[in-house]
Each structure stands twice: as structure tokens, then as C-alpha cells.
Amino acid sequence: MSQDSQTTVFLADYAPFTHRVTQVHLTFRLAPQATRVISKIDFVPNPENADGPFFLHGETLKLIWAKIDGKEVSPHTVEHGITVAIPDGPFTWEAEVEISPETNTALEGLYMSSGMYCTQCEAEGFRKITYYPDRPDVMAPFDIRIESDLPVLLSNGNKTAEGAGWAEWSDPWPKPAYLFALVAGDLVNHPDRFTTRSGREVELNIWVRAPDLKKCAFGMDALKRSMTWDEEVYGREYDLDIFNIVAVDDFNMGAMENKGLNIFNSSAVLASPETATDANFERIEGIIAHEYFHNWTGNRITCRDWFQLCLKEGLTVFRDQQFSGDERSRAVQRINDVLALRGRQFREDNGPLAHPVRPESFVEINNFYTATVYEKGAEVIGMLKRLVGDEGYARALDLYFERHDGEATTIEAWLKVFEDATGRDLSQFKRWYSQAGTPRLAVDECFEDGTYTLTLSQQTPPTPGQPDKQPLVIPVAVGLLSPNGDEVVPTRVLELTEAEQSFTFEGLAAKPVASILRDFSAPVIVERDLSAQDRAFLLAHDTDPFNKWEAGRALAKDVLLRMITEDTAPDAGFLDALKDVARDDSLDPAFRALALGLPGQDDLAQTLFEAGRTPDPLVIHAARQRLRKAIAESLGPVLDVLYDEMAIHGPYQPNAEDAGLRALRQAALGFLSLVDDGARATAQYQAADNMTEQLGALSCLLDIGQAEASLAAFRKQWQGDRLVMDKWFGLQAGLAAPEKTATSIRRLTEDSDFDWKNPNRFRAVMGGLAMNAAGFHDPSGASYALLADWLIRLDPVNPQTTARMVTAFETWRRYDADRQGMMRENLQRLAATPGLSRDTAEMVGRILGD
Ligand code: TRP
Ligand code: ZN
């Protein structure tokens with residue numbers, strides 16, 4: 001077990017802090033291994049918890065001196081911080097501490113990356129910078145002075161003064177410490193301006209290292225579009241004179257919404273046509289929007305405690321998804337969001353790490369920045385909006401901003417706002433926040449005398465710590481099609497509140513085909529016996545684009561499952577239906593590209609597992625390959641035409657329309673490469689003037705095992721670009737042939753460019769390995785051992801990233817006894833590692849189920 005304590009924190013134990021902070025002053029004297037932080041903090045007693053003991057968080061700090069009201073004091077060190085005797089009434093705390101940013105490899109607190117100083121404080125990193133009540137319900141204005149010879153010195157708020165070797169910043173908006181940020185470095189900026197609708201002039205900057213200056217334009221454009229969108233759709237304006245974004249190479253996640261000073265993983269902001277793919281552009285746009293939107297949903301209104309994380313994250317994800325849907329194609333956005341939800345959140349919700357959208361306990365909060373809190377949290381808001389309607393939602397949000405601006409609040413307060421604005425009782429709906437697990441929605445249909453009766457029943461399987469589940473409020477959007485393909489009943493939202501309920505539709509001339517759970521109106525698994533004909537009918541006729549796609553996906557899944565379990569040949573009816581969609585040019589190319597995608601390995605493995613079978617990743621892989629080959633053969637001529645028709649003649653533009661053409665072209669290329677010996681991919685690789693087409697071609701060549709020359713050329717061309725080299729590593733790890741995976745990956749880790757302390761590089765390789773299901777589950781167990789070895793090595797360096805990557809093992813119970821045994825052994829080996837971090841120890845413990 002870990003030496004770090006495994007104390008569990010409970011939502012039920014929440015108590016307010018003993019004091020309020022009225023002002024924070026910090027001075028930073030920056031030095032790589034001996035930065036001094038001098039603090040002056042004004043406290044006043046909090047009447048809500050006047051007699052608790054006074055405690056300040058502080059970890060890995062060297063205290064130089066401390067004073068209360070000017071008199072030196074000697075604090076008492078306790079777990080996570082200090083206690084000290086304090087006077088009654090208001091007082092001023094002052095302290096000087098020393099920290100070492102250069103040796104801070106955990107990338108939490110103040111650290112160095114490529115010669116620059118930067119910070120990451122969410123969730124509990126501020127306590128590694130100075131002594132402070134490091135909890136989100138303590139909000140205060142911060143004044144910051146930075147002393148350093150580096151040319152660019154940034155912090156939150158507005159710049160108030162500067163001179164040679166120093167700068168001062170003042171943030172007037174009270175904020176929790178997790179939103180504090182500081183950056184110092186030799187940086188250049190891509191500047192712009194924005195005028196808010198009430199006329200405030202805002203200076204915008206993206207700060208980068210000089211070679212990256214040419215990669216900022218798209219991010220800046222996305223930022224301005226985000227600012228406009230939040231004004232137009234939510235009525236929210238920016239509230240400072242300056243908004244800075246900084247790109248950092250070493251970063252544990254995507255980006256961070258620090259007030260007025262967003263810090264981004266370089267991969268989440270930097271893009272140029274030559275170096276970034278369409279998918280990268282899309283992700284960057286979404287993350288820029290996400291962090292900007294946090295200014296209101298997260299910063300102006302923040303969380304009372306970390307159990308309320310979904311209050312800001314679920315809502316902000318929902319907002320960034322809305323934004324991307326408005327900026328691009330709403331249907332395509334929805335399908336992609338659902339694909340991501342099923343791929344990551346359903347996997348989590350149906351395994352040992354299942355937890356509610358609002359967890360009730362944790363050991364390490366960093367382990368709860370999950371797909372459930374973020375993505376399911378966003379789905380819960382989408383359901384709420386569907387239930388109260390667009391107008392009710394708008395009224396509730398206005399009330400939320402009006403009532404809670406400047407506060408640190410809770411899910412209870414959020415739901416109360418909806419109840420007050422709409423008059424609706426949300427007590428049953430609230431179960432979505434407390435009940436873990438993916439509900440199963442069983443569908444039973446009956447048609448008699450012109451009446452169609454739809455019987456829906458819900459059931460949520462047990463999850464760790466929650467054996468019994470209650471019925472939820474499930475909005476089920478339904479439409480009915482007549483046998484000739486016309487829509488006879490347009491979308492209607494049924495509200496399922498009981499374990500089982502029937503809904504009737506009268507006056508129908510013929511038995512309809514129902515389109516159920518349109519737009520994926522709830523994060524549930526639909527269990528419905530639908531014939532292949534009916535699925536093909538919906539694929540051809542459904543007016544709801546999500547369900548149209550869903551019908552095709554379900555068809556493909558049925559076909560694959562039969563190929564896996566019965567070793568059948570690929571179904572001809574399916575191939576015909578797919579052909580019709582592929583060549584239907586009334587459909588958006590991006591949609592057609594999605595329709596040509598097949599269910600992933602993990603999806604199939606989970607489905608087999610739930611059907612009581614033991615999935616074999618090699619058999620699944622082989623079946624997918626066989627189906628891909630069959631598609632290539634039977635759709636060949638259609639794909640060939642598509643490949644030529646979708647070509648864009650003209651300069652690369654990252655917009656959704658062009659990206660859709662490229663996506664469809666790439667989908668065609670993926671199949672065609674299986675039968676043309678890589679001829680088209682080789683030509684495309686050589687002609688490509690943008691990364692989407694270059695990487696697309698390379699991945700096809702890798703897929704058919706003919707990439708050696710291109711890989712070498714790619715490396716030579718992109719050696720100096722870290723983000724592109726991440727792709728080089730990631731692609732090889734993800735597409736390594738099953739039987740050679742461990743060997744190939746070991747070779748990648750021996751590469752002189754495998755900078756394993758850089759999270760992007762580590763994730764490229766080890767994340768690629770985890771995604772390569774057939775290779776990861778190689779029967780020898782070599783891949784399991786390789787990953788575990790690397791996690792053991794990374795843990796003391798970067799616990800956060802290690803703990804996140806352990807989830808590669810979360811599905812271990814699905815597999816056969818041999819694989820289970822080997823995965824368990826590796827998890828136990830991790831658990832037994834001396835000095836294992838609290839982060840990793842918690843994850844391993846939960847995955848093992850102890
Ligand atoms: N709040 C950030 C976001 O969702 C995510 C975040 C939490 C984070 N902890 C972090 C980012 C640690 C980087 C490092 O936008
Ligand atoms: Zn966020």
C-alpha cells in the first residue's frame with residue numbers, strides 16, 4: 001500500500017471554512033530551484049463556522065518565516081498543512097516560503113516547462129505554492145507581483161504596473177485559489193482585440209514560444225467566435241480588460257480556465273494546416289470555447305466543494321457542445337458526442353470505476369475529472385433542457401446567473417433555480433446526480449386497431465456501493481414513420497418516470513416503424529429487438545439524423561456480432577444498405593463518413609460481455625478486418641468514385657464543410673487501401689499539403705503494413721515539431737499489428753525522442769497501446785506487463801497522468817481467466833509498489849474492487 005495516506009473525503013462532511021479572505025497579496029521571486037513566495041492574506045472570522053480550528057493547506061513548502069499581525073509565529077505542521085493559534089476577530093497572515101519549480105515533475109503547483117514558469121492549481125495545487133485555505137468556497141481578490149528577468153510576466157486580472165524585472169497584476173473578481181495562475185517566460189504573442197456588446201474593449205493574446213507563432217491564428221479566431229456566441233446565446237459578456245491564453249508543452253490535461261489567463265496544453269491550442277488535422281482543429285475550437293465559457297460557469301459562479309465539480313464541468317461541456325453544434329453541423333456534432341460518451345463514459349459506468357455524476361466520496365479529487373462528471377454531466381443538462389423546454393432553460397439560466405453570481409454553490413442550488421424558474425418538481429430528476437450506472441431501456445411494441453402502444457421499462461444495473469437503483473426521469477424522444485417512409489408522428493418527448501410505462505398513439509392507418517430515443521435524448525442503452533429490415537428502413541428514411549445514423553450503426557453491430565459468434569459471412573443486405581448511404585449525395589459528406597465507420601473493438605467487447613459471452617479481442621479484430629475487406633470489395637466502385645469526387649482543389653481550410661469532404665474521402669481511402677495495395681494512399685501521402693491528408697494516408701499504409709518508407713520520411717520532415725511527432729508515435733502504437741504490438745511499442749519507448757516525462761508523448765505511446773485492443777490483449781500478456789512497467793516508472797514523476805492511464809485495465813473482468821489473471825497480477829504488482837502515489841493507489845484499488 002501507499003505511504004501517502006488514503007483518507008477518504010465525504011460530501012456529507014462539508015463544513016464552511018472558519019474565515020473569509022478579504023484580500024490576497026503574493027510576491028513571487030522566481031528562481032528555478034529556489035523560488036520565494038511572500039504572502040500577505042487578510043482573514044476575517046466566518047460567522048457560519050466561527051469556532052472551528054484554524055487550518056491552512058500547504059504541501060511541499062519550505063517555510064522561511066510566518067507572522068500574524070506583524071508578529072512572528074511558529075505554525076504546527078499537520079497532514080496537508082499547518083495549524084496556528086490566531087487572535088479573535090480579523091487578522092493578517094504573512095509568510096515566506098521556498099519552492100522548486102524546476103524539479104516539480106508532477107506538473108501541479110508552480111513548475112517549469114521548456115524554460116518557462118507556469119502553474120496548474122486545479123484542483124488542489126495551490127497548496128504547493130503557499131499556505132492558504134485551498135478550497136473553492138474561499139473566494140478572494142488577488143494582487144500579484146512577479147519578479148523575474150524573463151521578458152513576459154503574466155497573472156490573473158489586469159496588469160496594474162510593471163518595470164524592469166517585475167510586473168504587478170490585480171484581479172478584482174473574487175476567486176478561489178484553484179483559478180490562480182502565473183506565467184513567466186521568453187514568449188511572443190499573437191494579439192487581437194474584441195469589443196463586448198456593451199462596449200468594453202478587451203485585449204486578447206495567445207502567448208507562445210517564438211517558433212509557434214504561426215500556429216495561433218485559428219485559436220484566436222475560435223476565441224472571438226466563442227466570445228460572440230456567449231453574448232448571443234447566454235447573454236454573458238467578458239469582464240476584464242485583457243484575456244490571455246498561454247500554450248505549454250508539459251501539461252496533464254487539455255487546458256485550464258484560470259481567470260483571465262487560460263493555460264493550454266500546446267496540443268489544445270496550436271494548429272496550422274501543415275501540422276494539425278481536421279480533428280485537431282475541431283478539438284481546439286471546442287476546448288478554447290470550453291475554457292472561455294468557464295469564465296461564467298466555473299469562475300463567476302464556482303463550486304462550493306469538489307463534489308460539485310459537475311456544476312461547472314457538466315454545464316460547460318454542455319455549452320461547448322452547443323457552440324460546436326452551432327458553428328459546425330449539429331447532427332455530426334451530436335453523433336460525435338455520443339460516440340465519445342459511449343466510448344469512454346459507458347465503459348466507465350459499466351465497470352469498477354462507476355460513480356455518480358456527483359460523487360459522494362473520494363480519496364484523490366484528481367481521479368474524478370472523469371467522463372462521468374464531464375460528459376454524463378453534460379447529458380444530464382441536455383435532459384433537463386429537453387424536459388423544461390428551450391424557454392424554460394433560458395429563464396432558468398438567467399436566474400442562475402442573477403442569483404448565484406460571485407458565489408460558490410451546489411447542485412441543489414442549480415436544481416432549485418430550475419424549479420423556481422419553471423415550477424417543475426425536480427426531486428426525482430435529481431437521482432441522475434446521485435445514481436451511477438447506465439440505465440437500460442427495454443422497448444416493447446404493439447399495434448392494434450390503429451393504435452400503436454409503446455411500452456418502455458427501465459432498469460439500472462448495480463454499481464460499486466449501489467446495489468439497488470430507483471427509477472429515473474428519462475426523456476424519450478420518439479417519432480413514428482409510416483411504412484412508405486413518411487413521418488406520421490413527429491418527434492414527441494415521452495417522460496418515463498416509472499419502472500414501466502405505456503404510451504399510446506392513436507388513429508394510425510398502418511403499423512408504424514418507431515424511431516426511439518431521437519437525438520439520443522437520454523444517456524441510456526436501448527434494448528430493442530428490431531429486424532434488420534426495420535433497421536435498414538430507418539437508416540433510409542428516419543428524419544432524425546442521429547437515429548438515422550444509429551440505425552446503420554446497429555445494423556453493423558448486429559452483423560459484426562454474428563460474424564464474431566457464429567463465424568458467418570458479412571451480410572449482403574447490410575452491404576447494400578451501406579452502399580445506398582455512401583452514394584446518397586443528398587446527405588452531408590461528414591454524415592456519410594460517420595455512417596461508414598464501424599463499431600469499435602471496445603463497444604463490441606462490452607456488448608458480448610453483457611450478452612454473457614467472453615470476448616476474444618483477436619476474434620473481434622479479425623471479424624472487423626473481414627467486414628472492412630468485404631465492404632472494400634462490395635462497395636469498391638462507389639468508394640472509388642467518392643474518393644475522386646471528394647477531392648478538394650484549392651488551399652486547405654479547416655471549416656466543417658471541407659473537413660466533411662476530407663472525412664468521407666478518408667473513409668473511402670481506408671477501405672480502398674485494403675484492396676489496392678496502398679497505391680492511392682502512397683500517392684496521397686506524396687501529394688499531401690496538409691496534415692489531415694498526410695496523416696490519413698500514413699494511417700492507411702500502417703494499417704496494411706506498408707508504411708516503413710513513409711514513416712521514415714515523416715519523421716525526417718517533422719523531427720522538430722513535438723506535436724507532429726506525437727502523432728508519429730501515437731499512430732504506430734495504435735496501429736501496431738496485434739502479435740507484434742509489445743515488441744513494436746518497446747522499440748518506440750527506446751527511441752531517443754521518447755521523452756516519457758512529457759505527458760503528451762507518454763500518452764501518445766501508452767494511450768495508443770491501450771487503444772490497440774487486439775495488441776493490448778495479446779495472449780502472452782506482454783503488453784499488460786509493458787504498460788504496468790511504464791506506469792510504475794511514471795508514478796513517482798507524475799501521479800496524475802499515471803492514475804489516468806491505469807484505466808486501460810478497468811475492463812479486466814470482461815475477459816477470459818488467463819487474461820484476467822495476467823491483468824490482475826499487473827494491477828497487484830502496481831498496488832504493491834513501495835511509495836505508490838495516492839492517485840494511482842486509489843485507482844488500482846477501485847479497479848481491483850477492494
Ligand atoms: N478545469 C479544467 C477544464 O475542464 C480541467 C482540469 C482539472 C485540469 N484539473 C486539471 C487541467 C489539471 C489541467 C491540469 O477545463
Ligand atoms: Zn472544464
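First listed ligand is number 1; within each ligand, the first listed atom is number 1.
- Aromatic rings from W306 and F362 are positioned such that their centres are separated by 6.0 Å or more.
- Residues F180 and F28 place their aromatic rings such that the two centres sit under 6.0 Å apart.
- Proximity of a side-chain donor or acceptor of T119 to a complementary backbone N or O of C121 within less than 3.5 Å is not detected.
- Ligand 1 has H294 within reach: a non-hydrogen atom of the residue lies less than 4.0 Å from it.
- Among all non-hydrogen protein atoms, the one lying nearest atom 1 (N) of ligand 1 is E122 OE1, 2.5 Å.
- Between Y178 and F126, the gap from one ring centroid to the other reaches at least 6.0 Å.
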Checking side chain to side chain contact (heavy atoms under 4.5 Å, CB included) for the pair Q322/W229: CA distance, chi angles, key distance, verdict?
CA-CA 10 Å; Q322 278 185 302; W229 187 90; 3.6 Å; yes
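- E313 lies close to the Zn ion (ligand 2), since one of its N, O or S atoms is found at a distance under 2.8 Å.
- Using a 4.0 Å cut-off between heavy atoms, K312 contacts ligand 1 through its side chain alone, with no backbone atom that close.
- Between Y374 and Y369, the ring-plane angle classifies as tilted under the 30° and 60° cut-offs.
- Some N or O of E313 is nearer than 3.5 Å to an N or O of ligand 1, by distance alone.
- In terms of polar-atom proximity, N252 is not counted as a contact of ligand 1, lacking any N or O under 3.5 Å from an N or O of the ligand.
- In this structure, the protein non-hydrogen atom closest to atom 2 (C) of ligand 1 is E257 OE1, 3.2 Å.
- Atoms of ligand 1 lying under 4.0 Å from at least one heavy atom of M256, given by number and element, are 1 (N), 2 (C).
- Of all atoms in ligand 1, listed by their number and element, those nearer than 4.0 Å to a heavy atom of F251 are 13 (C).
- When Q120, E291, M253 are ranked by how near their heavy atoms come to atom 15 (O) of ligand 1, first place goes to E291.
- Salt-bridge check for K376 with E348: failed, with every basic side-chain N at 4.0 Å or more from each acidic carboxylate O.
- Residue contact check: A255 has heavy atoms under 4.0 Å from atoms 2 (C), 3 (C), 5 (C), 11 (C), 15 (O) of ligand 1.
- For atom 7 (C) of ligand 1, the closest heavy atom belonging to the protein is Y369 CE2, 3.2 Å.
- Remark: at the Zn ion (ligand 2), atom NE2 from H294 and atom NE2 from H290 enclose 100°, rounded to the nearest 10 degrees.
- Nearest protein heavy-atom contact of atom 5 (C) of ligand 1 is Y374 OH, 3.3 Å.
- Short contacts between ligand 1 and H290, defined as distances under 4.0 Å to a heavy atom of the residue, involve ligand atoms 3 (C), 4 (O), 15 (O).
- Counting only distance, with no hydrogens or angles, the side chain of D349 and the backbone of F346 share no donor-acceptor pair below 3.5 Å.
- With 3.5 Å as the limit, one finds a donor-acceptor pair spanning the side chains of H80 and E59.
- For the pair K757 and F762, the cation does not sit on the ring face, since its NZ or CZ is not both under 6.0 Å from the ring centre and inside 45° of the axis.
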